[in-house]
Amino acid sequence: MHLTLKVKRYHEFFWLRDIRQVNIYTCCAKCFIGGKDNRVYYGTLHKPYAYIDIDVNEHPKAVAYYLCGLSAGYDWYQNTHVAFVPSTGDTVEIDNHNIWLKITDAKEIHFQDYKPDPPGFFTPKQRTCRNWIFANYINDGNLRR
């Protein structure tokens with residue numbers, strides 16, 4: 001997979017992870033157990049505009065990948081969330097007011113409307129966290145290749 005990201009407006013930073021396992025009892029990035037790609041993090045950290053052009057480091061045990069951008073002031077509505085899996089011949093393309101993104105040989109996973117309801121108590125912060133929602137999406141068996 002090849003990822004090209006152009007950040008059009010200021011974000012605090014972006015991060016990219018491969019997801020090998022999930023933990024729904026935490027929140028935010030801690031939901032994902034796997035590797036971090038620091039090229040994305042340090043290439044976008046506190047930069048008003050950024051350009052990332054990398055081959056994604058694929059891990060044989062990864063079930064999915066996740067790109068997250070935390071907006072200026074951590075405005076929940078302005079954050080970027082893109083979940084994807086390798087898929088030869090497919091392309092993820094996003095062009096909005098925050099980013100221009102192209103990931104070749106990948107397929108986007110549209111999970112944003114998923115409403116997980118695991119047993120137990122989970123805080124409103126967890127239940128609205130899109131990382132937590134995607135972790136539940138995986139945990140509930142919805143991710144099929």
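For this chain, numbers begin at 1 and follow the sequence in order. Worth saying up front: this structure is predicted, and the values here are computed from it rather than measured.
Across all non-hydrogen atoms, the minimal contact from L143 to A64 is CD2-CB, 3.8 Å. Nearest heavy-atom pair, R39 versus V56, reported as atom, atom and distance to 0.1 Å: NH2-CA, 4.4 Å. Scanning all heavy atoms of the two residues, the minimum distance from M1 to I103 falls at CB-CG2, 4.3 Å. Nearest heavy atoms, A72 versus Y10: CB-CD2, 3.4 Å. Across all their heavy atoms, V63 and V85 have their closest contact at O-CG1, 3.5 Å.
Between the side chain of N136 and the backbone N or O of W132, at least one donor-acceptor pair lies under 3.5 Å. A donor-acceptor distance shorter than 3.5 angstrom exists from the side chain of R17 to the backbone of A29, with no hydrogens or angles considered. For the pair T44 (side chain) and F13 (backbone), a donor-acceptor distance under 3.5 Å is absent. Of the possible polar contacts, one joining the N98 side chain to the Q78 backbone as a donor-acceptor pair under 3.5 Å is found.
A donor atom on one side chain and an acceptor atom on the other are not found under 3.5 Å apart for D37 and Y65. In this structure, a donor-acceptor pair under 3.5 Å is present between the side chains of S71 and N79.
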>> Under the criterion side chain to side chain contact (heavy atoms under 4.5 Å, CB included), I'd like the reasoning laid out for V82 against Y66: C-alpha separation, chi angles, the key distance, then a yes or no.
In response: CA-CA 6 Å; V82 181; Y66 201 95; over 6 Å; no
>> Before you tell me yes or no, could you show the steps for Y114 and N142 under side chain to side chain contact (heavy atoms under 4.5 Å, CB included), namely the whole-Å CA-CA distance, both residues' side-chain angles and the distance that decides it to 0.1 Å?
In response: CA-CA 10 Å; Y114 187 64; N142 294 300; 3.2 Å; yes
> Step by step, would you call L67 with F14 a side chain to side chain contact (heavy atoms under 4.5 Å, CB included)?
Replying inline: CA-CA 7 Å; L67 176 69; F14 279 75; 4.1 Å; yes
>> Is there a side chain to side chain contact (heavy atoms under 4.5 Å, CB included) between I94 and W100? Walk through the geometry before answering.
In response: CA-CA 6 Å; I94 297 172; W100 180 88; over 6 Å; no
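Under the side-chain hydrogen bond (donor to acceptor under 3.5 Å, both in side chains) criterion, S87 pairs with D90, sequence neighbours left out. Qualifying salt bridge (charged side-chain N to carboxylate O under 4.0 Å, His left out) partners for D95, counting only residues two or more places apart in sequence or in other chains: K8. Applying the side-chain hydrogen bond (donor to acceptor under 3.5 Å, both in side chains) test to D55 and every residue at least two apart in sequence or in another chain returns H2. Qualifying side-chain hydrogen bond (donor to acceptor under 3.5 Å, both in side chains) partners for N38, counting only residues two or more places apart in sequence or in other chains: none. For R127, the side-chain hydrogen bond (donor to acceptor under 3.5 Å, both in side chains) test picks out no residue, with sequence neighbours left out.
Between F134 and Y137, the ring planes lie parallel to each other; the angle is under 30°, not in the 30° to 60° tilted range.
No path of Ile, Leu, Val, Met, Phe, Trp and Tyr side chains, each step under 4.5 Å between heavy atoms, connects Y51 with L101, placing them in separate hydrophobic clusters.
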Side-chain donor-acceptor distances from residues 20-28 under 3.5 Å, at least two apart:
residue : atom : partner : partner atom : Å
R20     : NE   : D18     : OD1          : 2.7
R20     : NH2  : D18     : OD1          : 3.4
R20     : NH2  : D18     : OD2          : 3.2
N23     : OD1  : Y25     : N            : 2.9
T26     : OG1  : N23     : O            : 3.1
T26     : OG1  : K30     : O            : 3.2
T26     : OG1  : C31     : N            : 3.4

